[in-house]
Protein chains: 2
Amino acid sequence: MSTTQERTEEQDLPYDVFSRACPSRGTLEHVTGRWGALTLGALHEGSFRFNELRRRVDGVSEKMLSQTLHALERDGLVHREAQPTNPPRVDYELTALGREVAERLIALIECLEGRMDDVLASRERYDARVRA
Amino acid sequence: MSTTQERTEEQDLPYDVFSRACPSRGTLEHVTGRWGALTLGALHEGSFRFNELRRRVDGVSEKMLSQTLHALERDGLVHREAQPTNPPRVDYELTALGREVAERLIALIECLEGRMDDVLASRERYDARVRA
DNA sequence: CAGGATCCCCGATGATACTG
DNA sequence: CAGTATCATCGGGGATCCTG
């Protein structure tokens, strides 16, 4: 297998997110988008109903959550389980594919959360340098 | 234990991206943003000059690349090495922290690229279902 | 409760021109 | 080459109202 070092030598990969036209770029944006990432992250912890999810993903509006869930469901990352009861009950959970993706996303998020002190320190240094 | 939040075993983490006010959310957006993710992905392959990077990240404008690089540099993920020659030469490369983050990001991207066939298949099923 | 439909605004983004 | 400055735009995204 090709080394991960030289992407230039991976010409045989059918999908390349670095190419403007590749559909993988769209999916990447769904996954890493403002609300997509947080939604997948939340669903990684279990199954949730719409409004549970909305409270979990602090700040998301109904519209954006709905829209985000649709995009993720369409991409096959999220499964929507609706029960035709009254009042309605709908549960969302990750698919197998969704779990794979969320796993990587969580790793990224936790890495970031764990390094925020460094990030904030870097910002202060940067701002001090620029102010001069 | 906790009543509202059940972030499994990480209750003591000082930074929580799920909270609207947490600065980690901003950094996550720099990292996973439209151009941030691709820029980090490109820089994971080595050191690049401004216009090299611009060609690599297909579709990015000068302004957005510049802006993205500034944000990543400020967060301490990217190092900018400028040589006061004429014509000027500036190289960008990941910092140690940037490599850690990029590593996770690459894992996510490659996971996605490798599963795009499933994603596209899921989309077709979804669209067919909706069309009915 | 789970969302769809609408209105509307502001900020992200692109295009262009200019500079050291 | 490596950007910055400026202007115009387009759609992401919030607020609100409505329905099954």
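Worth knowing before you read on, the calculation uses all heavy atoms, side chains too, and leaves out hydrogens, waters and symmetry mates. Below, chains carry the letters A, B, ... as their sequence lines are ordered, and counting in each starts from 1.
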Query raised in the report: Separation of A:Asp58 atom CG from D:dG14 atom P, in whole Å?
Result: 12 Å
Query raised in the report: To the nearest angstrom, how far is A:Leu65 atom CG from C:dA2 atom C1'?
Result: 10 Å
Query raised in the report: For the side chain to side chain contact (heavy atoms under 4.5 Å, CB included) test, which of A:Glu124, A:Arg123, A:Arg125, A:Arg129 pairs with B:Arg74?
Result: A:Arg123
Query raised in the report: When you check the gap from the basic side-chain N to the acidic O, do B:Arg104 and A:Glu110 get nearer than 4.0 Å?
Result: no
Query raised in the report: Where the side chain of B:Glu62 is defined as all heavy atoms beyond and including C-beta, which of D:dC1, C:dA17, D:dG20 is the nearest nucleotide?
Result: C:dA17
**Report entry** Side-chain N,O (A:His70) to OP1/OP2 (C:dG3) below 4.0 Å
**Finding:** no
**Report entry** the helix from C:dC1-D:dG20 to C:dG20-D:dC1: angle between end helix axes, five pairs per end, rounded to 10 degrees
**Finding:** 50°
Query raised in the report: Tell me: CZ of B:Arg20 to P of D:dG13, nearest whole Å?
Result: 15 Å
Requested in this report: Evaluate the side-chain proximity of A:Phe50 to A:Asp91: yes if any heavy-atom separation is below 4.5 Å, no if none is.
Outcome: no
Report task. For B:Pro87 and for A:Phe50, locate the closest nucleotide of DNA chain C by heavy-atom distance; then report the residue assigned to the nucleotide nearer the 5' terminus. Result -> A:Phe50
Query raised in the report: Does B:Arg49 make a side-chain N or O approach to OP1 or OP2 of D:dC1 shorter than 4.0 Å?
Result: no
Query raised in the report: Any side-chain donor paired with an acceptor under 3.5 Å for B:Tyr126 and A:Asp75?
Result: no
Report task. Could you tell me whether the phosphate oxygens of D:dT4, OP1 or OP2, come under 4.0 Å of any side-chain nitrogen or oxygen in B:Ser66? Result -> yes
Query raised in the report: Can you check whether B:Pro23 reaches A:Leu120 side chain to side chain, under 4.5 Å on heavy atoms?
Result: yes
Check: protein-nucleotides 10-14 of chain C nitrogen or oxygen pairs below 3.5 Å:
from   : atom 1 : to      : atom 2 : distance (Å)
C:dT13 : O4     : B:Lys63 : NZ     : 3.1
C:dG14 : N7     : B:Lys63 : NZ     : 3.4
C:dG14 : O6     : B:Lys63 : NZ     : 2.4

Query raised in the report: Is the shortest distance from a Lys or Arg side-chain nitrogen in A:Glu93 or A:Arg80 to a carboxylate oxygen in the other one below 4.0 Å?
Result: no
Report summary line: Taken to the nearest 0.5 Å, the spacing of B:Glu100 CD from B:Leu77 CG works out to 10.0 Å
**Report entry** N or O in side chain of A:Arg80 less than 4.0 angstrom from C:dG3 OP1/OP2
**Finding:** yes
Report task. Output yes when a side-chain donor or acceptor of B:Thr39 lies under 3.5 Å from a complementary backbone atom of B:Trp35, and no otherwise. Result -> yes
Requested in this report: Look at all strands and tell whether B:Arg54 reaches a base, only sugar-phosphate, or nothing, counting heavy atoms closer than 4.0 Å.
Outcome: nothing
**Report entry** Side-chain touch B:Thr32/A:Leu108, heavy atoms, less than 4.5 angstrom
**Finding:** yes
Requested in this report: Specify the separation, in whole Å, of atom CZ of B:Phe48 and atom P of D:dA2.
Outcome: 13 Å
Report task. Give the nucleotide from the list D:dG3, C:dG3, D:dA2 with an atom nearest to the side chain of A:Tyr92. Result -> C:dG3
Report task. Quickly work out the A:Gln83 CD to C:dC1 P distance and round it to whole Å. Result -> 16 Å
Report summary line: When rounded to whole Å, the CD to P distance for the pair B:Glu52 and D:dA2 reads 8 Å
